[in-house]
A.B. asks: 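My structure is below; once you've seen it, I'll send some questions.
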Protein chains: 2
Amino acid sequence: MQNSEAMALSAALLAVAGELTQRIHDGVEARGFEGLRPAHGFAFTRLAPGGATVTELAVHLGVTKQAASQLVDEIVRKGYAERRPHPHDARARLVVLTEQGWACTRAAEEAAAEAVRPWVELLGEREVRALRDRLMRIAPSGPIKPNW
Amino acid sequence: MQNSEAMALSAALLAVAGELTQRIHDGVEARGFEGLRPAHGFAFTRLAPGGATVTELAVHLGVTKQAASQLVDEIVRKGYAERRPHPHDARARLVVLTEQGWACTRAAEEAAAEAVRPWVELLGEREVRALRDRLMRIAPSGPIKPNW
DNA sequence: AGCAGGTAGTCAAGCAGCTTGACCATCTAT
DNA sequence: ATAGATGGTCAAGCTGCTTGACTACCTGCT
């Protein structure tokens, strides 16, 4: 594959990602969850399964644990999560979503579906599923680095 | 398309975009262009065709013109671009890439090709081209908002 | 021609989110 | 039992962005 093709692919991917992020963020706000940034959303996806420690969150977000701790402060203060004692480690605290946190997560899913809808109209559902499958095969499992 | 599917697609897209950004950035650095951030790369793509004014750059990046001006200061100081008088407007200045700026752009293309290579090995060139075509059809023309 | 309002760019101050560094409490391995 | 590693927080500092204010220049209307 030529360099210029690779660059065109990269540019398109980044442009789509940027717009998607914006649309999901706007959709979440429109549903009444304010004062959140996209980084909080990335945190929610890590917290959702069964909670996580600050350090785990820091690894997932690709930031220092101080930054992660500060982010947790914010979402706790706003009522989206709470710190509970960790069941197996007295040093650690398990950060889990509150009911409001779950509601926000569901709102994000709705917003994502809304953001993707124009793609379905343009490409068809079959093509969008194909896109999803290809992306999922090349998606890394490492940290989500939002800082670019 | 279900909400959960849309969310999975979004997550995969953002993860891939994040990793791609990181790889291109690393590749550019490995080729000897240091002290640059991904945002500079987005600026270069706007400057490349025939230069741009600070205000045009600001719109493209989705930031204030003050921030864009500051970014131009940086890449001028580092020798990647220069400010020339605008041919038709004495208020404006046309920011154009220097030879070093072009060299950096070529390095970014090489890095992009390198970053995409594993995808080609995994999916095949035909599939990656299909991915590119789909993404280009849904890519917006608006500002690249790197701040998420 | 001349003036009013809009636009390009810069200077200055402030802020938000991140980093590095230091520290204590607790866990784990020897 | 003790030494080192790990989870978390406090504090200070930096960087890239924002808002606000200003000058120089362009454009359209009278």
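Hydrogens, waters and symmetry mates play no part in the numbers below; they use all other heavy atoms, side chains included. Residue numbering restarts at 1 for every chain, and letters A, B, ... go by the order of the sequence lines.
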A.B. asks: Is there a donor-acceptor pair closer than 3.5 Å between any side-chain N or O of A/R132 and the backbone N or O of A/V128?
C.D. replies: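 Judged by distance alone, no pair lies under 3.5 Å.
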A.B. asks: Whether B/T64 contacts D/dC17 is assessed here as follows: a side-chain N or O lying under 4.0 Å from the phosphate OP1 or OP2. Is that the case?
C.D. replies: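 No, because none of the side-chain N or O atoms of B/T64 sits under 4.0 Å from OP1 or OP2 of D/dC17.
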A.B. asks: From the set D/dG7, C/dG17, D/dT9, return the single nucleotide nearest to any side-chain atom of A/Q70.
C.D. replies: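 Taking heavy atoms from C-beta onward, the closest nucleotide is C/dG17.
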A.B. asks: When hydrophobic residues are tied together by side-chain contacts of less than 4.5 Å, even through go-betweens, does B/M7 share a cluster with A/L47?
C.D. replies: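 Per the 4.5 Å side-chain linkage, B/M7 and A/L47 are not co-clustered.
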A.B. asks: Answer yes or no: does a side-chain N or O of B/R83 lie under 4.0 Å from OP1 or OP2 of C/dA8?
C.D. replies: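 No, outside the criterion.
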A.B. asks: Answer with yes or no whether the hydrophobic clustering places B/V63 together with B/V76; edges join I, L, V, M, F, W, Y residues whose side-chain heavy atoms lie under 4.5 Å apart.
C.D. replies: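 Yes, one cluster joins them.
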A.B. asks: Using a heavy-atom cut-off of under 4.0 Å over every strand shown, decide if B/A67 touches base, sugar-phosphate, or nothing.
C.D. replies: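 Answer is base: heavy atoms of B/A67 come under 4.0 Å of a base.
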A.B. asks: Check each residue of residues 44-55 of chain A for a non-hydrogen atom within less than 4.0 Å of any atom in DNA chain D, then write out the ones that pass by number, or none.
C.D. replies: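 Nucleic-acid contacts, sorted: A/T53, A/V54, A/T55.
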A.B. asks: Measure CZ/A/R84 against P/D/dG8 and give the value in whole Å, please.
C.D. replies: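 Answer to the nearest Å: 16 Å.
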A.B. asks: Considering non-hydrogen atoms only, spot the tightest contact between B/R83 and B/S69 and give its length.
C.D. replies: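 Scanning both residues, the minimum pair turns out to be NH2-O, 3.7 Å.
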A.B. asks: Rounded to whole Å, please give me the gap between NZ in A/K65 and C1' in C/dC23.
C.D. replies: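 Whole-Å distance recorded here is 11 Å.
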A.B. asks: Take A/H88 and B/L94, find for each the nucleotide of DNA chain C with the closest heavy atom, and name the residue whose nucleotide sits nearer the 5' end.
C.D. replies: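 First, find each residue's nearest nucleotide; the 5'-ward one identifies B/L94.
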A.B. asks: Under a single-linkage definition using a 4.5 Å side-chain heavy-atom cutoff for Ile, Leu, Val, Met, Phe, Trp and Tyr, are B/L94 and B/Y80 assigned to the same hydrophobic cluster?
C.D. replies: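 No: no chain of side-chain contacts under 4.5 Å links B/L94 to B/Y80.
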A.B. asks: Please check the phosphate of C/dC23 (OP1 and OP2 only) for any side-chain N or O of A/R91 closer than 4.0 Å.
C.D. replies: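 It does not, given that no N or O in the side chain of A/R91 lies less than 4.0 Å from OP1 or OP2 of C/dC23.
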A.B. asks: Any side-chain N or O of A/R93 less than 4.0 Å from the OP1 or OP2 oxygen of D/dG7?
C.D. replies: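 Result: no.
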A.B. asks: Is the base of C/dG21 touched by the side chain of A/Q66 through a donor-acceptor pair closer than 3.5 angstrom?
C.D. replies: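 A donor-acceptor contact between them is present.
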A.B. asks: Shortest non-hydrogen contact from B/F44 to B/C104?
C.D. replies: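 Minimum heavy-atom contact is CE2-SG, 3.7 Å.
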A.B. asks: Which heavy atom of B/P38 sits nearest a heavy atom of B/H25, and at what distance?
C.D. replies: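 Heavy atoms of B/P38 and B/H25 come nearest at CD-CD2, 3.8 Å.
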A.B. asks: Across the strands shown, which category fits A/S69 at heavy-atom distances under 4.0 angstrom: base, sugar-phosphate, nothing?
C.D. replies: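 Sugar-phosphate, no base atom in range.
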A.B. asks: Quickly work out the A/D73 CG to D/dC10 C1' distance and round it to whole Å.
C.D. replies: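 Those two atoms, CG and C1', are 11 Å apart.
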